[in-house]
Amino acid sequence: MSKLDFPKNFYWGAGNSAPQVEGNNLWNDWHYYQETRNYIKTGEKEGKAADHYNRYQEDFDLAKKLNHNATRLSIEWSRIEKEKGVYDQKEIEHYRNVLKYLKKMQITSFVTLHHFSNPSWFTLSGGWTRKDAPETFNKFVEVIVHELGEDVDYWLTINEPSTYISLGYLVKGLPPLLANPYLAYKASRNLFKAHKLTYQTIHHKIKNAKVGPVLNVQLMTDRKNKTDGPLKNIVNYWANFYFGDNMCKYADFLGVNYYFPIRIFKNQKDTDLGWEIYPKGIYDALLKTWGRYKLPMIVTENGLADSSDSKRAAFIKRHLAEIHQAIKQGSDIFGYLHWSLTDNLELEKGFWPKFGLIEINFETQERKIKPSALEYAQICKDNYLEIK
Ligand code: BGC
């Protein structure tokens, strides 16, 4: 047995996003495209989802019980600004209550401002390809910073821009369901600008704020598990660092999401979604990202679809061991937020992929802690990992 100690004050927790758990997001583009284009592959609709909007206290009580000292959530832009330029005070109060509750529970908040969904009016008028998109988003950010600035601990600007652009603008996965490289390029540039404006807006109001983007880092890795070489360097740049290089100029820290590496030959299908489980990939991702940007990093997502919960505990431990190794090699990593706190709406796939530490019965909304969550809870409590 050996004991892997994590740094003092390490953040332990899990994450979720508003469009995937809140329920009844009637004003966002996901809702619009569900109604008009039926884009969720199973034909399902968001409906109540995990009803987190009404049950956030119950969910955060469970997180506390599981020894989480941090959590990741997102503020749904479309709830706050249902109509362009009109900000809904009742919804602002809702998020104020959520954030105050987290403070009361002594759970540190990592708050995402853009997690894939947009108000319908925004998307239908051209969305992220519009010239004024960054300023439009920034107006929402100004409202949030003014109203809720005091209550947020860490700000996450834009979640996984590379995933959003490829799903939304290249492969018709998420709204606006496009396959247009030129528009993908335009939208990317506008996301970079929106990130920069957001960073500046927050810092203008809160001098010592901590603001960062969330990057999905998946390195191209060959059969011998090498991540360097001419082709790999090109692919890795476009898949990861094109976004990172543009956003990390304006960042106090970085959120890193890791699921699996990019492979030319995919021969391993380990999770319910057929994704490879390759823990060393998180070490590679963190070390490369640290080497390139030298920014403190927190793992903002890492998880798997595992309906039987038979692989999750080992998955978490094996990834944590690699994170520990990355810290030992000198990279500054200050937390781990598993994806996800509860089962949720897995984007265009529907509700069947089960990512949660907590099971949700979507019929009854009953919550049940999964065995893996208890194993993870012990690590959160101990601040170390025991390995054989
Ligand atoms: C996203 C999450 C999603 C997860 C699993 C990430 O790309 O940020 O919203 O649920 O991956 O697919």
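Start at 1 with the first residue, then count along the sequence. For ligands, and for the atoms within them, numbers begin at 1 and follow the listed sequence.
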Legend entry - Asp270 backbone acceptor or donor facing Lys311 side chain under 3.5 Å: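 The answer is yes, because a donor-acceptor pair under 3.5 Å joins these two groups.
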
Inset, instruction - Determine yes or no for a side-chain-to-main-chain donor-acceptor pair under 3.5 angstrom, with Asn236 supplying the side chain and Thr227 the backbone. - result: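 Present.
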
Legend entry - Proximity of Asn159 to ligand 1 by residue part, where a heavy atom lies under 4.0 Å: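 Within the 4.0 Å criterion, Asn159 contacts ligand 1 through side-chain atoms alone.
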
Inset, instruction - Could you tell me whether Trp275 approaches ligand 1 through its side chain, its backbone, both or neither, with non-hydrogen atoms closer than 4.0 Å? - result: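 Looking at Trp275 and ligand 1, just side chain atoms fall under 4.0 Å.
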
For [X], take its heavy atoms, then give the atoms of ligand 1 lying under 4.0 Å from any of them.
X: Trp339; result: 2 (C), 3 (C), 4 (C), 9 (O), 10 (O)
X: Phe116; result: 1 (C), 8 (O), 9 (O)
X: His115; result: 1 (C), 2 (C), 8 (O), 9 (O)
X: Gln20; result: 2 (C), 3 (C), 9 (O), 10 (O)

For [atom], what's the nearest protein heavy-atom neighbour? Residue, atom name and distance, please.
atom: atom 3 (C) of ligand 1; answer: Glu346 OE1, 3.6 Å
atom: atom 6 (C) of ligand 1; answer: Glu301 OE1, 3.0 Å
atom: atom 4 (C) of ligand 1; answer: Tyr259 OH, 3.4 Å
atom: atom 7 (O) of ligand 1; answer: Glu160 OE1, 2.7 Å

Legend entry - Test: Glu35 and Lys45 ion pair at under 4.0 Å: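 A salt bridge links Glu35 with Lys45.
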
Legend entry - Ion pair check, Glu93 and Lys90, cut-off under 4.0 Å: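 Salt bridge: no.
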
Legend entry - Backbone or side-chain N or O of Ser17 under 3.5 Å from ligand 1 N or O: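 By distance alone, the answer is no.
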
Inset, instruction - Work out whether the distance between some heavy atom of Tyr164 and some atom of ligand 1 is less than 4.0 Å. - result: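 No, that is not the case, since the closest heavy atom of the residue is not under 4.0 Å from the ligand.
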
Legend entry - Proximity flag Lys349 to ligand 1, non-hydrogen atoms under 4.0 Å: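 Heavy atoms of Lys349 never come under 4.0 Å of ligand 1.
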
Inset, instruction - With Arg79 as the cation and Tyr53 as the aromatic partner, state whether NZ or CZ is under 6.0 Å from the six-membered ring centre and within 45° of the axis. - result: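 Yes, Arg79 sits over the ring of Tyr53.
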
Legend entry - Distance under 6.0 Å and angle within 45° of ring axis: Lys210 vs Phe253: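 Because its charged atom misses either the 6.0 Å distance or the 45° angle limit, Lys210 does not stack over Phe253.
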
Legend entry - Any residue meeting salt bridge (charged side-chain N to carboxylate O under 4.0 Å, His left out) with Asp151, in chain and number order, not counting sequence neighbours: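 Listed in chain order: Lys100.
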
Inset, instruction - Among Phe116, Tyr169, Tyr185, Phe137, find the one that has a ring pair (Phe, Tyr, Trp, His ring centres under 6.0 Å) with Trp128. - result: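 Option passing the ring pair (Phe, Tyr, Trp, His ring centres under 6.0 Å) with Trp128: Phe137.
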
Inset, instruction - Sort and list the pairs that fulfil side chain to side chain donor-acceptor pair (under 3.5 Å) and have at least one residue in residues 213-224, not counting sequence neighbours. - result: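 Non-adjacent pairs meeting side chain to side chain donor-acceptor pair (under 3.5 Å): Asp222-Lys232.
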
